[in-house]
Amino acid sequence: MSTTNAPIAKKATREGFGDEIVKLGKENKNIYVVDIDIGKSCKTTAFMKELPNQHVNVGIAEQNGAGLAAGLATTGKIPFISTYAVFGSLRMAEQIRQEACYPFLNVKIACSHGGLTPGNDGGSHQAIEDMGVYRTIPNMTVIMGADYHSTRKLVEQAANTYGPMYLRFTRDAVPMIYDENEEFEIGKAKQLKEGKDVAIIANGDTVYLALQAAEELEKEGISVKLLDMHTIKPLDREAVVECLEIGKIVTVEDHNILNGLGSAVSEVIAEEGKGKIKRIGVQDRFGESASYEKLMELNGITVENIVASAKELLR
Amino acid sequence: MKEVSIQELKDKAVELRQAAVTMVYKAQSGHPGGSLSAADIISALYFKEMDIDPENPKWEDRDRFVLSKGHVAPIQYAALALKGFVPYETVNTLRQYGSPFQGHPDMKKCPGIDISTGSLGQGLSCAVGMALAGKRDEKEYRVFAMVGDGECQEGQIWEAAQTAVKYELDNLIVFVDYNRLQIDGTTDEIMPLQDIEKKFEAFGFETKNIDGHSMEEITAVLDEIRESENKLPKCIVANTVKGKGVSYMENVVNWHGVAPNDQEYEQAMEELAGGLK
């Protein structure tokens, strides 16, 4: 359902991390990458080659990687632990809780293969709970950029902002939405469209779907406010409250509908006591081997479903 | 390193033991058994071996100490109190609201704690990170870590051990407080450790085996390690007795995490005053 006939430029957001971290590492000798053997697919190979003195590879040992990163952070280093989202969240969750979040150390977890993007790897590798896990740990910040350029900017901000943070990237190429000069602020939603009939709040790889859906709705005369909520914690509460003036909100995420973006927005709606929401996301079920697109379709994370959900709220 | 006599270190160990038991007694909560087994090593590290500065606890060139077996915090707190990192009266506040002496070491609340611990198996990884940073930055500091024997049942200990060897962290010195007891029974009953020294050796560590209550042996092994020029991380298996110094606590599983009553406390303080037999 592309709105233009021109081919859309695409790039995986893990590439954004891989490119940005080299630039950051050259500027700041305290930036470290802690690899857990899968540097090739997490795009840290260039960092390893160009900055070997700031690189560590602990092998297939996530828990140790997390603790080692915390040790580095106590000496003023800024370690980025690089692995897949399913391991970077669940396999090392307690180590990160105890050794990074509890003592509030400057440890970053930078994960590729977020959400359903590792489609053909199957359900074992599709991280659908990761952002929810980290959202519940005090002191943690949880981020997913929508495209290559926004991911680069958010990685840069993460490096320059003290505290434990979880950053999640796509394995698959996703459309480029922003140009390289666009600025992003952790914890501050990016408004892509101003509108008055319905609000759509999306993050990560679903922002492009939401953008297409908004354009479809506009063709039918429905005015859409669209937010890229790249940071789900701390949530930009003010931006959500502004959406409550419209009162009808659709959230879209490549994550379980439990405890991700949709849940975070629902909490604000419930506390404010006004507004209605429809949550689009993974339907609290494990994935399986299939193309990324097929898995998104199976869960209703599609342009069509965003359009239909918006219209349902307007009925 | 400071020039300190063995007798002075033994005297400090008496004070450490008394302070640790007092803390647990006043809190009526905490872990005396493992605190007492670690006391002599802690004395040698804090009062002789480590370069640390109570006036500047975050001094970047300081030696680091990681208490991976974080539940024996009272013995480390005793050292911090006696060294002046915190006022000595802090020993009366263990586990109380607002105290720097949290139930387990908290680097945010207590000066002199280099990393928060309490979840077993994790501290050694943090120590490896600190030692690696020291090597990369060409610093002279060393990192001392203490792990429990039961704690070595955690797989992460061995993940950390292999990393220390890979990165040639000869600035890392690991003590295993081998008191042979854990909460549910003896380590042999719960999960036998086999030859813990050989295990570390097989991972590539330079290993030593000592009586963890002999100040002569502790200081001798530390002297030896200080002079060592190989690139291997070091592991000292210290054979100890849980509850060492208080007759009714020695080798008794139940004294892992129980506080003494008034009468027991009085007896403990008397026995400890006489030093180790």
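Just so it is clear: chains get the letters A, B, ... in the order the sequence lines come, proteins before strands, and each one is counted from 1.
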About how many Å separate NZ of B:Lys135 and CG of A:Asn53, when rounded to the nearest 0.5 Å?
12.5 Å
Could you grab the distance from atom OH of A:Tyr102 to atom CD1 of B:Ile115, nearest 0.5 Å is fine?
11.5 Å
Any residue of residues 190-206 of chain B which, by heavy atoms, sits under 4.5 Å from chain A:
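Hits under 4.5 Å: none found.
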Side chain, backbone, both or neither: which part of B:Ala127 has a heavy atom under 4.5 Å from chain A?
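Answer is neither: B:Ala127 stays 4.5 Å or more from chain A.
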Please look at B:Asp137 and chain A and tell me whether the side chain, the backbone, both or neither of the residue comes under 4.5 angstrom of a heavy atom of that chain.
side chain
Above 12 or not: heavy atoms from other molecules or residues under 6.0 Å from [atom1] of [X]?
| X | atom1 | value |
| --- | --- | --- |
| A:Arg135 | CZ | yes |
| A:Lys29 | NZ | yes |
| A:Ile60 | CD1 | no |
| A:Glu238 | CD | no |

Looking at [options], which makes the most heavy-atom pairs under 4.5 Å with chain A?
| options | answer |
| --- | --- |
| B:Gly118, B:Gly121, B:Ala133, B:Ala131 | B:Ala133 |
| B:Arg64, B:Lys166, B:Gln162, B:Lys139 | B:Lys166 |
| B:Val128, B:Asp114, B:Thr117 | B:Thr117 |
| B:Lys108, B:Lys109, B:Gln156 | B:Gln156 |
| B:Gly134, B:Gly123, B:Ala160 | B:Ala160 |

Within residues 67-80 of chain A, which residues come under 4.5 Å of chain B, heavy atom to heavy atom?
A:Gly67, A:Leu68, A:Ala70, A:Gly71, A:Leu72, A:Thr74, A:Thr75, A:Lys77
Portion of A:Val34 that has a non-hydrogen atom of chain B nearer than 4.5 angstrom
neither
Can you find a side-chain donor-acceptor pair between B:Glu154 and A:Gln63 that sits under 3.5 Å?
no
Can you see whether B:Ser119 engages A:Glu94 through a side-chain donor-acceptor pair at a distance of less than 3.5 angstrom?
yes
I need the minimum non-hydrogen distance between [X] and [Y], along with the two atoms involved.
| X | Y | result |
| --- | --- | --- |
| A:His55 | B:Tyr167 | O-OH, 4.5 Å |
| A:Glu99 | B:Ser116 | OE1-O, 2.7 Å |
| B:Arg136 | A:Pro52 | NH1-O, 3.8 Å |

Taking the side chain as C-beta and beyond, is there a heavy-atom pair between A:Asn64 and B:Trp158 under 4.5 Å?
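The answer is no, as the side chains (C-beta and beyond) never meet within the 4.5 Å cut-off.
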